[in-house]
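Each chain gets a letter, A, B and so on, in the order the sequences are listed, and its residues count up from 1. Since we're looking at a predicted model, the values are computed, not measured.
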Protein chains: 2
Amino acid sequence: MTEFAPDPALRAKTRIQRENEEKILDAALEVFSAEGFRGSTIDRIAQEAGMSKPNLLYYFRSKEEIYRAVLDATLDGWLDPLRRMDPAGEPLEEIRAYLRRKLEMSRENPRASRLFANEVIRGAPLIVEELTGALKALVDEKAAVIEGWIAAGRLAPVDPRHLLFAIWATTQHYADFQVQVQAVLSADAGAAIDGAQGFLDTLFLRALAPG
Amino acid sequence: MTEFAPDPALRAKTRIQRENEEKILDAALEVFSAEGFRGSTIDRIAQEAGMSKPNLLYYFRSKEEIYRAVLDATLDGWLDPLRRMDPAGEPLEEIRAYLRRKLEMSRENPRASRLFANEVIRGAPLIVEELTGALKALVDEKAAVIEGWIAAGRLAPVDPRHLLFAIWATTQHYADFQVQVQAVLSADAGAAIDGAQGFLDTLFLRALAPG
DNA sequence: GTCTATAAAGAGATAGAC
DNA sequence: GTCTATCTCTTTATAGAC
């Protein structure tokens, strides 16, 4: 009786495979977020991941495959803060909580923010479908929620989509333009975000308070 | 008597020189603003400028020299909108006018905005001095103006530096994230900025109105 | 799974003719 | 001032030994 030997392509990943793929994705995020797709090299990523270039290419067949993988992995969690905006919640409190979550993402994972910024600035060639598809759909859904709040007199009348743009822009600014923020404030990134929190609460909650 | 023959290095630029340098700088802005420094190639810029690579390198000795030239040329006008904020003006009106000027820059020259975004995202290696020098000085100066308005009770109390960040972030967003904005709104860039104008007036003026 | 060696293409920059 | 040809270095990707 022969031993059970599944097709290698279907076999679950080994521990070492998982670890190396993770190391590569982390290294790729580091490099791609700083230099964009075309400005990054496999060599830099391999170096950052602590392995040789051919070894890296054993796990991912090409530079673009690495890029897509890190972009997908990051995209996955990117929309969560907005998804969690609760139609049943208190409007101003929901806005405040959303601001918090976005600001925390700029604090905890500024590289993800910069990765997207780079991708979108160059025209988002690899994620246009997500933008016109999943993103637009989610924005439409939440815009309707916000419009409902406005119609109920629980929020001052504003354009909900431009409101979301403003929240994205102001919170992601602390990740994407980190060095500029630090230069102007002579403060580290964490302190800058601490300061931003109070300011953004004031800005948005004052403007959105009904009546 | 010999004819007057000035040192060629000191001679004024010919018409063809000026025209070609201008064509190169415009092409360089187009390419660098989309792909960043490392992601851009001299070949692409030459093609965009309608000349051969060696011919382009006749006018600029290296890729970095072109990049510095286009960055300097753009930096030059970048801070003008803030410089024009008038301490003697009516505070809310000065804020509104500043918003207008910044939005118009996103409309008229989105490439300049993206050029800086790319540069700052990668850590601003070539303009750190401008950031900690000229930019910080100008921000300090205008922050003092804003604080004066607040102290006089003519503006609601907010952190002036974070206020400037918020104005930069929200207005430049329409240039830097143009494709995302268009995807979400299903509108062209001009229409998006038209809509942004009303929203941003509401957001900032409501939040900043004293009392 | 990881390495050295290398093929092949891309990209920065120069030489030299016109 | 502009071109073709080319040198050189970088970078992507593969071959094949271990």
Side-chain angles (χ1 to χ4, degrees), chain A residues 5-28 30-32 34-71 118 122 125-126, chain B residues 5-71 118 122 125-126:
Chain A
D7 180 344
L10 297 175
R11 191 160 44 207
K13 286 172 185 174
T14 66
R15 182 182 52 82
I16 204 165
Q17 266 177 327
R18 265 184 289 103
E19 282 178 5
N20 274 337
E21 285 182 11
E22 211 162 304
K23 262 196 291 183
I24 292 169
L25 289 178
D26 186 68
E30 179 68 27
V31 177
F32 283 132
E35 292 289 352
F37 176 71
R38 298 209 46 197
S40 301
T41 68
I42 298 180
D43 234 344
R44 253 313 301 294
I45 297 170
Q47 187 188 341
E48 196 79 26
M51 67 182 71
S52 68
K53 186 163 51 171
N55 197 15
L56 186 154
L57 286 168
Y58 170 79
Y59 290 98
F60 295 88
R61 287 136 111 107
S62 70
K63 180 179 165 180
E64 181 164 338
E65 196 173 294
I66 311 169
Y67 184 68
R68 283 186 185 275
V70 67
L71 202 55
N118 264 314
R122 69 168 183 145
L126 267 61
Chain B
D7 180 343
L10 297 175
R11 192 160 43 206
K13 286 172 184 173
T14 66
R15 182 182 53 84
I16 204 163
Q17 267 177 328
R18 266 185 287 104
E19 281 179 4
N20 274 337
E21 285 182 10
E22 212 162 302
K23 263 196 291 183
I24 292 168
L25 289 178
D26 186 67
L29 178 57
E30 179 69 27
V31 177
F32 283 131
S33 67
E35 291 290 351
F37 177 70
R38 297 207 47 195
S40 301
T41 67
I42 298 181
D43 237 344
R44 251 316 298 294
I45 298 169
Q47 188 188 339
E48 196 80 26
M51 66 182 72
S52 68
K53 184 162 56 170
N55 196 16
L56 186 153
L57 287 166
Y58 169 79
Y59 290 98
F60 295 89
R61 288 136 111 107
S62 71
K63 179 179 167 180
E64 181 164 339
E65 196 173 296
I66 311 169
Y67 185 67
R68 285 187 183 275
V70 67
L71 202 53
N118 264 314
R122 69 168 183 147
L126 268 59

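Relative to the axis of its first five pairs, the axis of the last five pairs of the helix from dG1(C)-dC18(D) to dC18(C)-dG1(D) sits at 10°, rounded to 10 degrees.
The listed nucleotides are dA5(D), dG1(D), dC3(C); the one nearest the side chain of Q17(B) is dG1(D). Of the candidate nucleotides dC3(D), dT14(C), dT4(C), dT4(C) has the atom lying nearest to any side-chain atom of S52(A). Here the side chain of Y59(B) is nearest to one of dG1(D), dT4(C), dC3(D), namely dG1(D).
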Every protein N/O within reach of nucleotides 7-11 of chain C N/O, cut-off under 3.5 Å:
unit_1: dA11(C); atom_1: OP1; unit_2: R38(A); atom_2: NH2; d: 2.8

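The distance between atom CG of L56(A) and atom C1' of dC3(C), rounded to the nearest whole Å, is 14 Å. Distance CD1 (I16(B)) to P (dC3(D)): 11 Å, rounded to an integer number of Å. Distance CD1 (I45(A)) to P (dA13(D)): 11 Å, rounded to an integer number of Å. Between Y58(A) atom OH and dT4(C) atom P there is a gap of 17 Å when expressed in whole angstrom units. Atom CZ in R18(A) sits roughly 16 Å away from atom C1' in dG1(C) (whole-Å rounding). Rounded to whole angstrom, the span from the CZ atom of R15(B) across to the P atom of dG1(D) amounts to 11 Å. Distance CZ (F60(B)) to P (dA13(C)): 14 Å, rounded to an integer number of Å.
Atom CD of E22(A) is surrounded by 12 or fewer heavy atoms from other residues, nucleotides or ligands within 6.0 Å.
A sub-4.0 Å separation between OP1 or OP2 of dG1(C) and a side-chain N or O of T14(A) is present. Distances shown here put every side-chain N or O of N55(A) at or beyond 4.0 Å from the OP1 or OP2 atom of dT4(C).
Considering only heavy atoms from C-beta on, Y59(B) stays 4.5 Å or farther from L25(B) through its side chain.
The aromatic rings of F37(B) and F32(B) sit parallel, their planes meeting at an angle under 30°, below the 60° perpendicular limit.
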